[in-house]
K.L.:
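My structure is below; once you've seen it, I'll send some questions.
Just so we're on the same page: letters track the sequence lines, and every chain starts at 1. Just so it is clear, the values below take in all heavy atoms, side chains as well, and ignore hydrogens, waters and symmetry mates.
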Amino acid sequence: MTLNALLFQALNGLSSASSLFLVAAGLSLIFGVTRIVNIAHGSLYMLGTYIAYSLAMHIGGALGFWGGIVATAVVVGILGALIEIVLLRRIYRAPELFQLLATFALVLIINDAALWIWGPEDLLGPRAPGLRDAIEILGRHLPTYDLFLIFVGPVVLIAMHLALARTRLGRLVRAATQDREMVGALGVNQAILFTVVFALGSALAGLGGALQVAREPANLSTDLTAISDAFVVVVVGGMGSIGGAYLAAVIIAEVKALCIGIGVLHIAGMALNFSKLTLVAEFLVMAIVLIVRPYGLLGRVQAAVRSIAEPEEPIRAATPTFKLFATAVLVILIFMPLLARNSPYTLVLGIDVLIAVLFATSLHFIMGPGGMHSFGHAAYFGLGAYGAALLVKWLGAPMSVALIAAPAVALAGGLLFGWFAVRLEGVYLAMITLAFAQIVWALVFQWEELTGGSNGVIGVWPPPPFDKSGFYFLLTLALTALGVFLLRRFLFAPFGYAMRAGRDSPLRAEAIGIHVKRVHWLGFAIAGCVCGIAGGLFAFAKGSISPETIHVQRSIDGLVMVLLGGIQTLTGPIVGASLFATLQDTVMRQTEYWRALLGGIILVLVLAFPGGIVGAFTRLFTKRAAVT
Amino acid sequence: MTTDPMLKLESLSAWYGAARILYDLDLEVGRGEVVALMGRNGAGKSTTMKAIMGLIAHRTGGVHFNGRDISRLKPFEIARLGLGFTPEDRRIFVDLTVIENLDIGRQPTRQFADGHPAPAWTPEKLFALFPNLAEMPNRPGGRMSGGEQQMLTVARTLMGNPLLVLLDEPSEGVAPVIVEQMANTIVGLKKEGLSILLSEQNVHFARLVSDRVYVLEKGQIRWHGTISDLAANAEIQRAYLAV
Amino acid sequence: MSDLSIRALSKAFGGVHAVREVSFVIERGEFLAMIGPNGAGKSTCFNMINGQLAPDSGEILFENRNIAGLRPREIWRLGIGRTFQVAATFHSMTVVENVQMALISHAGETYHLWRPAAELHRAHALDLLQQVGMRDAADKPSRVLAYGDVKRVELAIALANEPRLLLMDEPTAGMAPRERNELIALVKRLVVERGISVLFTEHSMDVVFAFADRIIVLARGRLIADGTAAAIRDNPKVQEVYFGTGKTFAAKASP
């Protein structure tokens with residue numbers, strides 16, 4: 001390809017960067033002040049495209065298009081303010097991850113609302129009045145609208161920079177980013193400040209979405225793509241740095257554009273298809289940036305946020321009552337195949353629940369006691385599942401070998417990814433785990449020769465007698481119980497204590513000779529290994545595995561399960577996973593709008609049990625005990 | 001004192017979670033008076049300040065300030081009535097410059113209940129009071145020494161033109177020279193007509209600046225009186241302050 | 001024999017010299033106080049000795065071995081214990097588990113996966129708690145302790161690896177006067193019994209004058225004085241940069 005073509009692609013990249021920047025800047029602004037990681041930010045972006053489409057179509061003409069874009073930003077801003085007032089205001093004092101869960105519920109609800117209003121079809125808006133033409137640059141045609149977009153990003157960047165540096169609102173935002181409570185104690189009405197910031201951030205997302213209306217169709221899947229892009233941009237740029245966000249947006253958009261531009265390249269007889277890299281390009285960029293600069297390009301070490309989370313109780317060995325209860329549950333489960341003889345669905349549901357329990361417990365192992373909030377646990381599930389399935393497909397391996405290989409492959413992945421991940425903290429750690437999960441997913445998706453691409457691997461059935469759901473249920477039960485027991489045992493052993501010591505106070509743990517990073521690294525690998533068993537079991541349970549089943553959605557499901565149950569309790573993930581998997585399997589079958597229903601349920605749970613279900617029960621009992 | 005007190009606590013109690021920290025505190029600060037709240041660490045001094053300021057969610061009892069009941073108000077509403085708060089851990093905005101920090105604290109001028117104007121502050125006036133700050137108006141808060149931050153946090157509070165200031169542990173963790181400056185500042189503020197409630201463990205410091213003293217122990221007031229009474233009362237000093 | 005010997009230690013942050021050519025020694029069993037105004041370089045100096053910061057130049061000889069640039073955990077394993085300016089525990093553990101954790105690490109059992117940690121070294125941990133007067137609180141969650149008690153637990157943790165040198169960063173910060181004296185008296189008794197040397201920073205002059213064997217003074221990154229309490233108190237340079245007129249503390253030099 002020629003130099004001119006490359007430069008032309010670079011211009012294309014710049015126009016994509018503007019939208020990316022608008023979403024990311026809003027996200028960064030909101031996070032800075034409210035400390036809420038707003039997953040629903042991508043949904044606001046998606047709504048922006050839909051609303052701008054409707055306004056442009058119904059009003060029509062230049063007013064409908066350009067006026068519509070401005071009106072969209074205002075409408076989405078107001079919607080953001082409403083979300084802040086009605087929902088988020090109630091959960092500012094909740095632990096960070098709980099806020100995450102609540103905004104995730106919003107993603108589900110908004111997505112179904114959009115489905116209900118606009119339907120499932122992609123909607124392509126009109127072209128921009130006044131900017132329909134293309135101009136010739138470097139021997140190619142560049143739409144003038146794209147040229148216009150190239151300037152939008154820097155204009156917004158400069159406006160935001162001036163507003164933050166020169167206005168009182170800007171100073172208040174910067175002060176509140178560091179210490180909201182103190183700003184309040186100096187006479188500033190925080191509630192209004194928060195609402196204003198949320199509205200502004202939302203308006204930016206709406207604007208970003210609206211500007212896309214002339215370039216790309218409104219589509220129901222843009223919410224998750226937009227949020228993951230925005231996260232990557234914010235993290236690469238450095239949390240809280242608006243300039244960094246623009247820089248990161250440009251770099252990522254350019255890398256993507258160049259990958260498309262380069263296309264297939266022949267190097268030493270090998271055909272390398274760069275356009276396939278677009279799926280992982282941004283995550284590769286993020287992984288590299290975070291390894292070199294752990295706080296992003298222009299980010300700084302985050303001042304410790306004042307912790308308002310509930311303090312954690314010391315772990316205690318199981319009481320006789322608890323042991324009895326656990327044994328009883330196990331016995332009932334062992335007899336399940338007999339009890340549920342006439343209801344095969346119950347057993348299928350049971351297998352799903354058990355796999356979810358193993359998945360969630362392994363995630364909790366690093367999230368709770370390890371304090372490492374992994375947003376990419378699906379990676380190890382996927383490595384286990386594909387490890388097992390590919391052995392069966394290519395080598396005709398028996399199930400026993402495949403189920404041993406599953407955790408081994410996941411362990412290897414955990415050791416590799418964990419080595420990088422434990423070098424980071426907080427949101428940055430969450431994001432790099434997400435990046436690794438996306439890389440695994442893209443690898444599976446793109447490497448069609450080996451993995452079957454989007455079709456996945458089929459025909460992974462268990463041999464007799466495990467082809468009967470009753471027997472497979474028992475196998476799953478045995479491995480899940482073993483996995484859960486081992487993880488629990490590790491937590492009570494010195495290793496688990498060292499992991500918690502490193503979480504409670506890394507400085508103090510190092511000062512008594514604990515190699516915190518190594519301990520957390522091994523913890524990460526152990527969790528990955530156990531998660532691999534869940535993946536292997538899943539592949540044989542379904543008889544197949546596809547990229548879709550190991551996508552980001554599964555990682556988020558895991559987070560929801562752990563948080564629902566309560567992150568500070570050891571039984572929490574078991575209860576959370578059981579409830580979530582059951583809800584998912586049952587609610588999903590009832591309605592077309594299962595996402596909204598699920599989201600609604602999550603919201604109710606979040607507002608009613610702000611310490612997880614098990615946490616709520618524990619508190620109830622301790623209160624009772626205190627009264628009597 | 002003939003006039004109503006500026007600040008009056010009636011049976012103030014406060015909790016952190018399930019743990020009760022304060023037990024039925026009764027306390028008064030008169031206009032133009034400097035009152036020291038003394039007691040060892042964990043006695044409840046900082047909690048008292050935060051409870052007055054509305055920063056503790058769970059509290060009961062009455063808090064009257066300048067003739068108004070403020071016990072149900074939010075922190076920003078209390079601050080807007082002219083109650084200033086400087087926390088013990090300073091809580092300077094480290095990314096903002098000295099001047100910007102002062103701007104965050106800015107509020108309109110105000111009057112006492114009798115219509116008498118309260119002392120009004122500008123950055124210029126504060127720079128005269130704290131010459132160290134005048135030398136570094138554009139320095140970010142994060143690049144200042146502990147003593148300079150301590151001065152900035154007081155100056156930031158004064159920008160709100162308060163009628164009364166809650167000063168939490170002004171002498172903790174700074175060098176003796178800075179402590180001395182802080183004492184001079186407090187005496188100066190009193191001359192301007194401000195009322196001050198300060199929490200303190202250092203008896204020498206309290207003796208330099210305060211009129212009256214309340215002694216706190218385990219969330220209860222165990223003794224109160226004038227500073228000279230305290231100085232003469234070796235038993236109280238030994239029991240609760242342990243010099 | 002000197003236990004710790006600091007030679008020409010320097011550290012700069014972005015061109016600003018935080019510590020410049022500082023040299024001093026701590027003799028075996030000595031109780032040495034480091035004082036100075038805020039921003040004088042005390043914390044930087046301290047953090048280079050405990051391994052949190054690597055010096056730009058200079059040597060830190062502990063028992064004739066240069067430990068400059070080693071990591072905190074490596075320095076701990078050589079026999080140097082420390083306490084923190086803001087005391088805290090591993091808040092999700094009980095009091096005794098906090099001490100057990102240090103003993104487990106000292107015994108090299110950190111990576112053991114099977115035996116419950118709560119059963120390991122419990123007797124030894126209780127014994128250490130007994131010595132700091134915290135035996136009765138052993139099974140309480142450590143996060144409910146009063147601040148003064150946290151300081152005591154931290155001391156028990158610091159003694160777990162049988163250190164020969166103890167670094168204490170403002171050991172009495174945030175404590176009432178009587179607690180201060182009690183804690184330092186306790187430290188002094190324990191270290192004298194064990195022959196441990198102590199380096200501590202402190203803002204409470206009452207404590208410094210009452211307990212320190214010797215005092216060193218830092219100002220603007222340089223060592224400006226090194227001597228006995230009486231010599232330091234009467235040093236005009238120290239009075240100017242640090243003590244002021246002395247109105248705000250009762251300066252009683254130890255006899």
K.L.:
Go through C:P141, C:A160, C:G108 and name the one with the most non-hydrogen pairs under 4.5 angstrom from chain A.
P.N.:
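So the answer, after comparing C:P141, C:A160, C:G108, is C:P141.
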K.L.:
Is there a side-chain contact between C:R143 and A:E313, using heavy atoms and a 4.5 Å cut-off?
P.N.:
yes
K.L.:
Does C:K188, at its NZ atom, have more than 12 non-hydrogen atoms belonging to other residues, nucleotides or ligands within less than 6.0 Å?
P.N.:
yes
K.L.:
Looking only at atom types and distance, does a side-chain atom of A:R489 sit under 3.5 Å from a main-chain N or O of C:W114, one as donor and one as acceptor?
P.N.:
yes
K.L.:
Taking every non-hydrogen pair under 4.5 Å, which of C:A88, C:P116, C:A102 racks up the most with chain A?
P.N.:
C:A88
K.L.:
Roughly how far apart are C:L113 CG and A:F490 CZ, rounded to 0.5 Å?
P.N.:
5.0 Å
K.L.:
Starting at CZ of C:R73, measure out to NE2 of A:H515 and round the result to the nearest 0.5 Å.
P.N.:
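Atom-to-atom, C:R73:CZ and A:H515:NE2 are 3.5 Å apart.
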K.L.:
I'd like to verify something: which residue of C:A118, C:S105, C:P72, C:G51 has the highest number of heavy-atom pairs under 4.5 Å with chain A?
P.N.:
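Sorted descending by pairs with chain A, the first entry is C:S105.
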K.L.:
Could you go through C:T110 and A:F495, starting from their C-alpha distance and side-chain angles, then the distance that decides it, and tell me whether this counts as side-chain contact (heavy atoms from CB on, under 4.5 Å)?
P.N.:
CA-CA 6 Å; C:T110 305; A:F495 182 78; 5.9 Å; no
K.L.:
Determine yes or no for a side-chain-to-main-chain donor-acceptor pair under 3.5 angstrom, with C:W76 supplying the side chain and A:A511 the backbone.
P.N.:
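It does hold such a pair.
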K.L.:
Which atoms of A:A317 come close to chain C, meaning under 4.5 Å heavy atom to heavy atom: side chain ones, backbone ones, both, or neither?
P.N.:
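No part of A:A317 comes within 4.5 Å of chain C.
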K.L.:
Would you indicate whether the side-chain heavy atoms of C:Q100 and A:Y497 approach each other to under 4.5 Å?
P.N.:
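A:Y497 vs C:Q100: side chains apart.
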K.L.:
Return the option, out of A:A501, A:A509, A:S505, with the maximum number of heavy-atom pairs under 4.5 Å with chain C.
P.N.:
A:A501
K.L.:
Do you know which of C:N50, C:T94, C:I80 has the most heavy-atom pairs under 4.5 Å to chain A?
P.N.:
C:T94
K.L.:
Please flag which part of C:A87 lies under 4.5 Å from any non-hydrogen atom of chain A: side chain, backbone, both or neither.
P.N.:
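Contact with chain A: backbone only.
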K.L.:
With only heavy atoms counted, which part of C:E74 is less than 4.5 Å from chain A, the side chain, the backbone, both or neither?
P.N.:
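For C:E74, there is no contact with chain A at all, as no heavy atom is under 4.5 Å.
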K.L.:
Flag the one option from A:L507, A:L491, A:L522 with the top tally of heavy-atom pairs under 4.5 Å to chain C.
P.N.:
A:L507
K.L.:
Using a 4.5 angstrom heavy-atom cutoff, name the option from C:R82, C:R77, C:E109, C:E97 with the most pairs to chain A.
P.N.:
C:E97
K.L.:
Counting only non-hydrogen atoms closer than 4.5 Å, does A:I315 touch chain C with its backbone (N, CA, C, O), its side chain (CB onward), both, or neither?
P.N.:
backbone
K.L.:
Can you check side-chain contact (heavy atoms from CB on, under 4.5 Å) on C:F90 and A:I512, steps first, answer last?
P.N.:
CA-CA 12 Å; C:F90 300 123; A:I512 55 166; 3.8 Å; yes
K.L.:
The test is side-chain contact (heavy atoms from CB on, under 4.5 Å); show your working for C:M101 and A:R508 and say whether it passes.
P.N.:
CA-CA 11 Å; C:M101 188 72 245; A:R508 285 182 172 73; over 6 Å; no
K.L.:
Near A:F325 CZ, under 6.0 Å, is it more than 12 heavy atoms from other residues, nucleotides or ligands?
P.N.:
no
K.L.:
Does any non-hydrogen side-chain atom of C:S92 lie less than 4.5 Å from one of A:R503?
P.N.:
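Side chain of A:R503 against side chain of C:S92, heavy atoms only: contact under 4.5 Å found.
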